Amino acid sequence: LSGMKKDPQVEESYSTRFDIDDRQEAQNRHDNENRHSQVFAKHVVINNPEANAAGNFASNKVVTSKYTALNFIPLFLYENLNPVNKFANFYFLCVACLECIPLISLTKGIPQSLGALSFVLLVEAFTTIRDDLNRHKADAVVNSKPVKVLNREKKMFEDVPQSQIRVGDIVQVNEGEIFPADLVFLRSGDPKAPKSCWVNTKSLDGETDNKYRQALKCSSEYDGRVINGTAEELSAIQAVVNCELPNNMTNDFSGSMLYRHTEDGAMREESEVIGIRNLLLRGCILKNTEFVYGAVVSAGTDTKVEFTTTKKKWWDLKDGGHKVAMLTQRLNSVIYLMVVMLVILCSVGSICENLFSMMIVHRSWYIILDRRFYISYWLSFFRFFLLCYQFIPVSLYVTMSCIYAVQGIFMENDLKMYDEVNDEPMRVRSSTLNDDLGQVGYIFSDKTGTLTANLMQFRKCIVDGVAYGQ
């Protein structure tokens, strides 16, 4: 074999193929590294919120209100004068602008319709302020709710407002309380089951049955003994969580925890995978467990329940998260049709007027008409428009706003809408959506518990021919 001649073309083809394979393997390795860095691109240091400041994580402050003292006037005017949202208000704004043109104005250049439009906007502003103030009050109650947060220096839990919780904090949640953020389950307070708890996810998926959650083994057990049962032990935790970027997938989570144990002066590191069974999502309620310890990995708008995949701009009213009632949408469609009819009437009137004028001018030699036909047409068109603009009533939206406000008062004081179990009355957050209640066309249910809330009563059964119950 050593004496055989080597074909240079074969050697070149083999080397080229090997180079291509090497480059392909390197490219695949680079893609895998990029994919891994994208999936686990969030790094959280547990029990050290100061170290997470560089991550620019979201605040845990809840803001469901829409307006502030600075942006209310421009944002309110834009929303209520936008033709996509409320076409009638935009329509009367155009009428007021046309009334200011002396050449076609019927009111000597004075925008008389502006007064009626201002009154409509004033009533709408009153109802909007009332609804948004209720949202501000609800936000203040949630943000000021006390949560037990571990103070690492004092080695004890302190009551901290929910809005001041930071990523990396270790919190204690008692039975019946709502989780204030997305938490990695560290340990349970049940001495018989320190690695498990039960949560109610009704606010996420509508299921009324409790779900099982499991604590991380590295943070709850070491060498067969239970750890992190006291605030002093929790204060000594050294761990880092590498997890996925914020998303709204409430049934999936990918991450890992690197936990450091100190034994006989030596440092040992232990890694464990974090799944959805190890995560306590914000909005869920702790059940059948005295208390649990959890580390905050996502707060505020980064939590799965609050996260939105697309950040809409404030001026994007169409499909931008701004809810418009079904009745308002239908009303806008009717107004569009009425405007088209008004334009047709004005066009017919303008054409007839100009044709009639041309016939008179043609017979009367002493009348001089210098304007061309298309100029006369548009002038007559807008005059007819200002004569017939009340074809659409200016009080349309303000009447609906008053009806919505009165409906909201009746709904909040309706005893049949009162929840005796939770001692909670009905709350109308947005009165403009009253008519959307009960607009259910189809119901898809995988079991009867979704409709009956699993509250069933024994009626009757027959055992060995003997009937029990009625």
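Values in this document were obtained by computation on a predicted structure and should not be read as measured data. If you read the sequence from its start, that first residue is 1, and numbering goes on from there.
- Residue pairs satisfying the side chain to side chain donor-acceptor pair (under 3.5 Å) criterion with at least one member in residues 167-181, sequence neighbours excluded, are listed as follows: Q172-N174.
- For the salt bridge (charged side-chain N to carboxylate O under 4.0 Å, His left out) test, no residue two or more places apart in sequence or in another chain qualifies with R330.
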Show the atom names and distances, to 0.1 Å, of all donor-acceptor pairs under 3.5 Å that link a side chain in residues 282-291 to residues at least two apart or in another chain.
unit_1, atom_1, unit_2, atom_2, d
R282, NH1, N60, OD1, 3.3
T289, OG1, K287, O, 3.2

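- Across S219 and I227, no two heavy atoms sit closer than the pair O-CG1, 3.8 Å.
- Checked by atom type and distance alone, the side chain of N248 never pairs as donor or acceptor with a backbone atom of F307 at under 3.5 Å.
- Not counting sequence neighbours, R277 has no partner by the salt bridge (charged side-chain N to carboxylate O under 4.0 Å, His left out) test.
- Judged as a salt bridge (charged side-chain N to carboxylate O under 4.0 Å, His left out), and not counting sequence neighbours, D302 has no contacts.
- Interatomic distance, S203 OG to I178 CD1, rounded to the nearest 0.5 Å: 7.0 Å.
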- Task: For side-chain hydrogen bond (donor to acceptor under 3.5 Å, both in side chains), just list the numbers for S113 and E99, CA-CA rounded to whole Å, side-chain angles, deciding distance to a tenth of an Å, and then say yes or no.
- Result: CA-CA 8 Å; S113 62; E99 288 179 336; 3.1 Å; yes
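- Residue M426 qualifies as enclosed at atom CE: its count of foreign heavy atoms under 6.0 Å is above 12.
- Here the side chain of E306 pairs no donor or acceptor atom with the backbone of G300 at under 3.5 angstrom.
- Using a 4.5 Å heavy-atom threshold, the side chains of I335 and Y91 count as separate.
- No option in V147, L279, V292, L281 other than V292 meets the side-chain contact (heavy atoms from CB on, under 4.5 Å) test with F179.
- Interatomic distance, K137 NZ to L133 CG, rounded to the nearest 0.5 Å: 6.5 Å.
- Distance alone, capped at 3.5 Å, places no donor-acceptor pair between the N52 side chain and the G55 backbone.
- Summarising the geometry, atom NZ belonging to K61 is positioned 13.0 Å from atom OG1 belonging to T301; distances are rounded to the nearest 0.5 Å.
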- Query: Should N80 and L121 be marked as a side-chain contact (heavy atoms from CB on, under 4.5 Å) after you check the CA-CA gap, both sets of side-chain angles, and the distance that decides it?
  - Reply: CA-CA 8 Å; N80 285 270; L121 294 177; 3.9 Å; yes
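- Among L342, V343, I344, the one residue that satisfies the side-chain contact (heavy atoms from CB on, under 4.5 Å) test with V340 is I344.
- In the displayed structure, I73 atom CD1 is contacted under 6.0 Å by at most 12 heavy atoms of other residues, nucleotides or ligands.
- To the nearest 0.5 Å, atom SG of residue C218 and atom CE of residue M257 are 5.5 Å apart.
- A donor-acceptor contact shorter than 3.5 Å links the side chain of H136 to the backbone of Y67.
- The side chain to side chain contact (heavy atoms under 4.5 Å, CB included) check on A231 picks up L150, F157, with sequence neighbours excluded.
- Using a 4.5 Å heavy-atom cutoff, the side chains of R166 and V296 are not in contact.
- K211 and D209 are joined by a salt bridge, as a carboxylate oxygen and a charged side-chain nitrogen come within less than 4.0 angstrom of each other.
- Partners of V406 according to the side chain to side chain contact (heavy atoms under 4.5 Å, CB included) rule, which considers only residues two or more places apart in sequence or in another chain, are F410.
- Y293 is not listed as a side-chain neighbour of F185, based on a closest heavy-atom distance of 4.5 Å or more.
- With hydrogens and angles disregarded, no donor-acceptor distance shorter than 3.5 Å links the side chain of Q214 to the backbone of K195.
- Contact check for D131 versus K66: no side-chain heavy atoms found under the 4.5 Å cut-off.
- Each of D252, N247, T250, D182 was evaluated against K304; a single residue qualifies, N247, per the side chain to side chain donor-acceptor pair (under 3.5 Å) test.
- At least one side-chain heavy atom of M411 sits under 4.5 Å from a side-chain heavy atom of N434.
- Listed by first and then second residue, the salt bridge (Lys or Arg N to Asp or Glu O under 4.0 Å) pairs that reach into residues 112-128 are K86-E124, sequence neighbours excluded.
- L117 CG to L122 CG: the interatomic distance, rounded to the nearest 0.5 Å, is 11.0 Å.
- A search for salt bridge (charged side-chain N to carboxylate O under 4.0 Å, His left out) contacts involving K148 returns D159, not counting sequence neighbours.
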- Task: Before giving the answer on side-chain hydrogen bond (donor to acceptor under 3.5 Å, both in side chains), spell out for N71 and T68 the whole-Å C-alpha distance, their side-chain angles and the decisive distance to 0.1 Å.
- Result: CA-CA 5 Å; N71 69 359; T68 63; 3.0 Å; yes
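- Nearest approach of A215 to P194, heavy atoms of both residues: CB-O, 4.3 Å.
- Identified under the salt bridge (Lys or Arg N to Asp or Glu O under 4.0 Å) test for residues 410-427, with sequence neighbours left out: E424-R427.
- Without hydrogens or angle criteria, R213 side chain to S196 main chain gives no donor-acceptor distance under 3.5 Å.
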- I would like to know whether N242 and K42 meet side-chain hydrogen bond (donor to acceptor under 3.5 Å, both in side chains); could you show each step before the answer? CA-CA 6 Å; N242 300 317; K42 185 176 181 180; over 6 Å; no
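- You'll find the side chain of S235 stays beyond 4.5 Å of the side chain of I170, heavy atoms only.
- Pairing each heavy atom of H43 with each of F57, the nearest pair is O-CZ, 3.7 Å.
- Taking CG of L386 as the start and CD1 of I101 as the end, the distance is 8.5 Å to the nearest 0.5 Å.
- Taking the six-membered ring for Trp, F76 and F72 have ring centres closer than 6.0 Å.
- When every heavy atom of A295 is checked against every heavy atom of I46, the shortest pair comes out as CB-CD1, 3.6 Å.
- Side-chain atoms of N278 do not come within 3.5 Å of backbone N or O of I274 as any donor-acceptor pair.
- Annotation: side chain of N251 is in contact with side chain of M249 (closest heavy-atom distance under 4.5 Å).
- With contacts defined as side-chain heavy-atom distances shorter than 4.5 Å, the pair N48/E50 qualifies.
- Residues S59 and S163 come closest through the heavy atom pair OG-O, 3.9 Å.
- Between F119 and F126, the gap from one ring centroid to the other reaches at least 6.0 Å.
- Among residues at least two apart or in separate chains, there is no salt bridge (Lys or Arg N to Asp or Glu O under 4.0 Å) pair with a member in residues 227-243.
- Applying the ring-ring contact (aromatic ring centres under 6.0 Å, His included) test to F87 and every residue at least two apart in sequence or in another chain returns Y336.
- Closest approach of A299 and A58 over heavy atoms only: O-CB, 3.6 Å.
- Although no hydrogens or angles enter the test, the distance criterion places a donor-acceptor pair under 3.5 Å between the side chain of N143 and the main chain of V62.
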